[in-house]
Amino acid sequence: MVFGREIILEVKNLSKVYDKEVLHIDHLALRRGRIYGIIGPSGAGKSTLLRLVNLLEPPSGGEIHFLGRPISMNGNVSRTDAARREMTLVFQKPLLFQTSVEENVAFGLKARRFTREEVRARVDILLGKVGMREFAGRHAGTLSGGEAQRVALARAVAFEPALLLLDEPTANLDPSNIELIERLILDLNRETAMTIVMVTHNIFQARRVAREVIFMHEGRVVETGETEKIFTSPEDPRTKAFVEGRMVY
Ligand SMILES: Nc1ncnc2c1ncn2[C@@H]1O[C@H](COP(=O)(O)OP(=O)(O)O)[C@@H](O)[C@H]1O
Ligand SMILES: [Mg+2]
């Protein structure tokens, strides 16, 4: 295993059919330790892809391999321990438990039999990272959108999952929260080997944060590549239209 080259997630012929097929990805591979930005117009299938990878919904067909093991084959999902523990999805609207900020972040840690002191210390570090230390005792229901999303992120990364999936995590936030969360994503990536996949409809955000960009359109991955290449010399005319803001949707 060479750091930065190891494939941690691979999908093949992955398909999702609702009334019609809304996703069909021939092949996509994500490497350990990288930040990927998934961009594409509304309805392109970005959220569907994250939901399938996170096993929230079964695919209609195809394969998903995670950390070298199949977790979904031909519509049959097998929720391996790795899939449960090593992958987290954060939504656009943060889902928090109706309890304190501290309890929210401690949740997963307690389940793993850390001592109380270990849990407390880890929660404190995590809240510090997201600038929420002084909110530790607050009830989650009293937080603003940006504060809640920061807590959701702290909870999601408490375990340093191998794969962090973010679905438009800053879509409803103000600029200062957006900046904080982008910085956190970059820090996490630098300090850990976490692979981060961020769906964003904001091409500027993808350019700021992602090392590689995946452009989706009408359920397909049209083009993937190093971020600067996608923005400066995309190969597909649809990618070019999208990054230049000319794609009508
Ligand atoms: N539960 C569902 N039932 C039927 N159609 C769905 C469902 N979820 C998503 N879709 C459709 O699948 C397509 C892709 O949606 P989505 O993955 O949410 O796109 P994106 O996140 O890129 O905006 C859209 O046409 C959407 O209407
Ligand atoms: Mg979406």
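The first residue in the sequence is number 1, and the count goes up from there. Atoms within each ligand, like the ligands themselves, are counted from 1 in listed order.
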What's the shortest distance from [atom] to any protein heavy atom, and which residue and atom give it?
atom                    : result
atom 19 (O) of ligand 1 : Gly45 N, 3.2 Å
atom 5 (N) of ligand 1  : Tyr18 CD1, 3.3 Å
atom 25 (O) of ligand 1 : Gly43 O, 4.2 Å

Would you call [X] and [Y] a salt bridge, taking side-chain N to carboxylate O under 4.0 Å as the test?
X      : Y      : value
Glu228 : Arg207 : yes
Lys129 : Glu191 : yes
Glu21  : Lys16  : no
Arg122 : Glu118 : no

Distance flag for atom 2 (C) of ligand 1, protein heavy atom under 4.0 Å: yes

Heavy atom of protein inside 4.0 Å of atom 27 (O) of ligand 1, strictly below: no

Donor-acceptor pair between Thr200 and Asn202 side chains, under 3.5 angstrom: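 Judged by distance alone, the side chains do not pair up.
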
Modelled atom types, side-chain donor and acceptor of Glu160 and Thr192, under 3.5 Å: no

Metal environment of the Mg ion (ligand 2), protein N/O/S under 2.8 Å: Ser47 OG

Minimal non-hydrogen separation, Phe242 against Pro41, with atom names: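 Shortest heavy-atom separation between Phe242 and Pro41 comes out as CE1-N, 3.6 Å.
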
Nearest non-hydrogen partners of Tyr36 and Ala210, listed with the distance: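 Shortest heavy-atom separation between Tyr36 and Ala210 comes out as C-CB, 4.0 Å.
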
Contact check: Ser47 vs ligand 1, nitrogen or oxygen atoms, below 3.5 angstrom: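 Yes; at least one N/O pair falls below 3.5 Å.
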
Side chain, backbone, both or neither: Arg51 near ligand 1, heavy atoms under 4.0 Å: side chain

Proximity of Val22 to ligand 1 by residue part, where a heavy atom lies under 4.0 Å: side chain

Any donor-acceptor pair under 3.5 Å from Arg79 side chain to Ala83 backbone: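 Checking the backbone N and O of Ala83 against the side chain of Arg79, no donor-acceptor pair under 3.5 Å is found.
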
Sub-4.0 Å atoms of ligand 1 with respect to non-hydrogen atoms of Ala44: 19 (O), 20 (P), 22 (O)

Thr48: numbered ligand 1 atoms lying under 4.0 Å from its heavy atoms: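 Heavy-atom distances to Thr48 below 4.0 Å select 14 (C), 15 (O), 16 (P), 17 (O).
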
Rounded distance [0.5 Å steps], CD in Glu218 versus CG in Leu23: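 It comes to 12.5 Å.
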
Partners meeting ring pair (Phe, Tyr, Trp, His ring centres under 6.0 Å) with Phe97 (sequence neighbours left out):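 Result, ring pair (Phe, Tyr, Trp, His ring centres under 6.0 Å) vs Phe97: Phe107.
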
